[in-house]
Every structure is written in structure tokens, then in C-alpha cells.
Amino acid sequence: MNTFFKSLMNIFRKPVTTRYPAEKTFIPDDYRGMIGFDENLCIWCRRCEMVCPPGAIVFSQDLEGKQTYHFNRAVCIYCGECVRACPKEGAIYQTGQPAKWAVKEENINNGWNALFDEAIESRAAYAAEKKRRAATKTAAPKEENESKSTD
């Protein structure tokens with residue numbers, strides 16, 4: 001009977017949990033929040049991408065070699081490995097801000113998978129283009145020498 005009354009009283013008590021995200025939660029001083037990125041400081045070594053355990057960072061590359069940083073806040077586990085691995089201080093950093101929640105319209109998981117695959121393909125395309133240009137460059141002097149020798 002005692003248990004029954006305790007259970008009944010719980011109906012009228014204030015909940016212990018918070019109504020996140022409607023209400024802000026307590027954020028400790030050592031909270032590891034969102035990952036920030038400063039493109040101007042980045043040396044494009046991609047170490048952050050290599051050490052990221054869940055694969056929340058990926059770089060895409062166009063045919064001219066320009067790289068673009070992509071980050072998925074829903075995949076990130078906020079461990080800070082990317083920040084520790086970065087050789088350029090301030091290029092990638094951890095803010096104290098919690099990540100914004102994802103909404104269905106963002107298609108954050110499936111969209112990320114497609115973006116991740118496209119980024120890997122873009123880097124392969126860049127490597128192939130770079131190899132093609134190098135082959136063209138080395139073939140050009142050879143053709144000039146052959147045409148001179150036949151003259």
C-alpha cells in the first residue's frame with residue numbers, strides 16, 4: 001500500500017529531467033561542444049579527418065586542387081581528437097556550444113553518407129587529373145625531341 005501511495009505522489013511531483021531542447025540544460029565548464037573550423041588557418045593536411053573516430057569530418061577536392069571542409073554534427077562524438085591532431089593551432093577548435101539538434105528536413109544522416117561518398121570520389125578524380133596532367137607534361141618534351149630529330 002505504501003508503494004502505491006508513493007507512486008501516486010510521483011504523478012504530482014515536478015519531473016527530475018529537463019524538457020530538452022525546449023529548456024536549456026546545465027552545461028559544465030569543461031563541456032566539449034561543437035567543432036569550429038577556420039579555413040584561413042588550415043594547412044589542409046587532413047589529419048583531423050584521419051583521426052576522427054566516427055568519420056564526422058571529410059574533405060572534398062575540386063579538379064584544381066582546392067579542398068573544402070565538411071563536418072557532420074550528428075555523427076561527431078565530440079571527443080576532440082581532431083583538435084589534438086591539428087598541427088596548426090586554431091584551425092580546428094572546440095567551442096563550448098552544444099550542437100543544434102537535427103531536424104528531418106536536413107536529412108543529416110543519409111545526406112551525409114552521400115556527401116561523404118562524393119568527397120571521396122572528388123579526391124580520386126583530382127588524383128587522376130593530376131596524374132593525367134603530369135603524364136601530358138612529361139610527354140610534351142618527348143614529342144618535341146622526336147620532331148626535332150626527324151627534321
Side-chain angles (χ1 to χ4, degrees), residues 6-7 10-11 13-148:
K6 279 185 177 178
S7 300
N10 283 336
I11 294 174
R13 286 192 184 152
K14 184 181 172 189
V16 176
T17 57
T18 59
R19 299 182 57 210
Y20 184 81
E23 292 178 14
K24 290 195 171 206
T25 60
F26 168 73
I27 298 175
D29 293 337
D30 58 347
Y31 179 74
R32 293 183 289 185
M34 282 289 293
I35 302 296
F37 177 72
D38 188 343
E39 186 174 328
N40 297 323
L41 294 176
C42 184
I43 59 171
W44 309 102
C45 64
R46 295 196 292 223
R47 288 186 189 172
C48 54
E49 179 189 271
M50 290 184 269
V51 299
C52 182
I57 297 173
V58 68
F59 287 86
S60 62
Q61 197 165 23
D62 66 11
L63 292 179
E64 300 303 317
K66 184 179 182 334
Q67 297 188 59
T68 305
Y69 167 86
H70 305 280
F71 170 72
N72 187 329
R73 67 184 189 282
V75 174
C76 183
I77 59 173
Y78 303 98
C79 63
E81 278 303 309
C82 54
V83 176
R84 281 188 283 276
C86 183
K88 186 73 173 176
E89 189 173 333
I92 192 161
Y93 53 94
Q94 213 154 11
T95 67
Q97 299 299 316
K100 192 177 91 180
W101 59 86
V103 292
K104 187 176 182 181
E105 289 77 27
E106 285 182 278
N107 193 16
I108 202 160
N109 289 329
N110 293 333
W112 175 253
N113 291 337
L115 177 76
F116 193 91
D117 292 342
E118 288 172 14
I120 300 300
E121 288 172 12
S122 72
R123 293 194 331 226
Y126 170 72
E129 177 66 15
K130 189 177 176 183
K131 190 174 181 180
R132 188 193 64 77
R133 287 180 185 174
T136 304
K137 193 175 181 179
T138 56
K142 208 182 251 183
E143 290 174 4
E144 286 179 19
N145 291 340
E146 289 175 5
S147 65
K148 286 180 183 176

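Just so you know, residue 1 is the first one in the sequence shown, and it goes up from there.
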Quick check: closest heavy atoms across [X] and [Y], and the distance to 0.1 Å?
| X | Y | answer |
| --- | --- | --- |
| Ala99 | Tyr78 | CB-OH, 3.1 Å |
| Ala125 | Leu63 | O-CD2, 3.8 Å |
| Ala85 | Arg47 | O-CD, 3.7 Å |

Run the numbers on Glu49 and Arg123 for salt bridge (Lys or Arg N to Asp or Glu O under 4.0 Å), then give the verdict.
CA-CA 13 Å; Glu49 179 189 271; Arg123 293 194 331 226; 2.8 Å; yes
So, are Glu106 and Arg73 salt-bridged, with charged N and O less than 4.0 Å apart?
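Here Glu106 pairs with Arg73 in a salt bridge, since their nearest N and O are under 4.0 Å apart.
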Using a strict threshold of under 4.0 Å (side-chain N to carboxylate O), is an ion pair present between Arg84 and Glu89?
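Salt bridge between Glu89 and Arg84, a charged N being under 4.0 Å from a carboxylate O: no.
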Could you list the residues that satisfy ring pair (Phe, Tyr, Trp, His ring centres under 6.0 Å) with Phe59, not counting sequence neighbours?
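Counting only residues at least two positions away or on another chain, Phe59 forms a ring pair (Phe, Tyr, Trp, His ring centres under 6.0 Å) with Trp44, Tyr69.
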From [atom1] ([X]) to [atom2] ([Y]), nearest 0.5 Å:
| X | Y | atom1 | atom2 | value |
| --- | --- | --- | --- | --- |
| Ile108 | Leu115 | CD1 | CG | 11.0 Å |
| Phe71 | Ile57 | CZ | CD1 | 6.5 Å |
| Thr68 | Lys66 | OG1 | NZ | 5.0 Å |
| Ser60 | Ile120 | OG | CD1 | 9.5 Å |
| Lys14 | Asn10 | NZ | CG | 15.0 Å |

Taking the side chain as everything from C-beta on, heavy atoms only, tell me whether [X] gets closer than 4.5 Å to [Y].
| X | Y | value |
| --- | --- | --- |
| Ile92 | Cys42 | no |
| Trp112 | Asn110 | no |
| Lys130 | Gln61 | no |
| Cys48 | Cys86 | no |

Could you go through residues 28-41 and list every donor-acceptor pair under 3.5 Å that involves a side-chain atom there, pairing it with any protein atom two or more places apart or in another chain?
| unit_1 | atom_1 | unit_2 | atom_2 | d |
| --- | --- | --- | --- | --- |
| Arg32 | NH1 | Cys79 | O | 3.0 |
| Asp38 | OD1 | Asn40 | N | 3.0 |

Salt bridge (charged side-chain N to carboxylate O under 4.0 Å, His left out) with Arg132: which residues, sequence neighbours excluded?
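Arg132 satisfies salt bridge (charged side-chain N to carboxylate O under 4.0 Å, His left out) with Glu129 once adjacent residues are dropped.
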